[in-house]
**Q** 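Just passing along the structure, written as structure tokens.
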Amino acid sequence: MALGVEAASGICSARECTNAAIYRIDWRNPAIHHARTKTWLACEEHRSYLEGYFTYRSFPFEVSAFVAPDQEQHQDH
Ligand SMILES: [Zn+2]
């Protein structure tokens, strides 16, 4: 499965969060008929926040454990 840029980064998708993700959330917008499933990533801190985001909008989503494609370290600068 191809992941988006955000998912490939291995970093939480919450705004301004730079924590390493440990959950992935596969979701789609049912209002867009041909919308592809998108993947956001979440750290422990933001999992409930992002779940609330989709729950509020009645978007179907599925949370599973995120396994990074590699263990490459991302340096902070
Ligand atoms: Zn986060």
Side-chain angles (χ1 to χ4, degrees):
M1 177 181 294
L3 298 178
V5 172
E6 290 176 340
S9 72
I11 302 298
C12 176
S13 299
R15 183 170 296 184
E16 297 183 357
C17 181
T18 57
N19 292 329
I22 55 176
Y23 301 106
R24 59 178 289 163
I25 305 173
D26 297 304
W27 65 278
R28 63 184 175 85
N29 183 345
I32 302 175
H33 191 64
H34 295 290
R36 291 182 299 174
T37 299
K38 297 183 178 181
T39 300
W40 280 7
L41 301 180
C43 65
E44 184 70 55
E45 181 180 350
H46 288 112
R47 176 187 174 179
S48 61
Y49 169 82
L50 293 171
E51 285 182 343
Y53 179 94
F54 296 123
T55 299
Y56 179 78
R57 289 164 177 76
S58 298
F59 286 5
F61 66 92
E62 182 176 359
V63 179
S64 56
F66 173 69
V67 179
D70 59 54
Q71 296 300 315
E72 182 180 0
Q73 295 296 310
H74 295 271
Q75 296 184 355
D76 296 324
H77 287 291

**Q** Could you check if a side-chain atom of F61 sits within less than 4.5 angstrom of a side-chain atom of T55, using non-hydrogen atoms only?
**A** yes

**Q** Under 3.5 Å, is there a donor-acceptor pair linking the side chains of D26 and T39?
**A** yes

**Q** Considering residues at least two apart in sequence or located in another chain, which fulfil the salt bridge (Lys or Arg N to Asp or Glu O under 4.0 Å) criterion with E51?
**A** R47

**Q** Measuring only between side-chain heavy atoms, which start at C-beta, is E45 closer than 4.5 Å to C17?
**A** no

**Q** Would you say V63 and R24 make side-chain contact, with heavy atoms under 4.5 Å?
**A** no

**Q** Taking C-beta and beyond as the side chain, do P30 and F59 meet within less than 4.5 Å on heavy atoms?
**A** yes

**Q** Identify the two heavy atoms, one from R28 and one from R36, that lie closest to each other, and give their separation to 0.1 Å.
**A** CB-O, 4.2 Å

**Q** Determine, stepwise, if the pair L41 / S13 fulfils side chain to side chain contact (heavy atoms under 4.5 Å, CB included).
**A** CA-CA 5 Å; L41 301 180; S13 299; 4.0 Å; yes

**Q** For the CG atom of N29 and the NZ atom of K38, what is their distance to the nearest 0.5 Å?
**A** 8.0 Å

**Q** Measure across C12 and A42 and return the closest heavy-atom pair with its distance rounded to 0.1 Å.
**A** SG-CA, 3.9 Å

**Q** Return the NE2 to OH distance between H46 and Y23, rounded to the nearest 0.5 Å.
**A** 13.5 Å

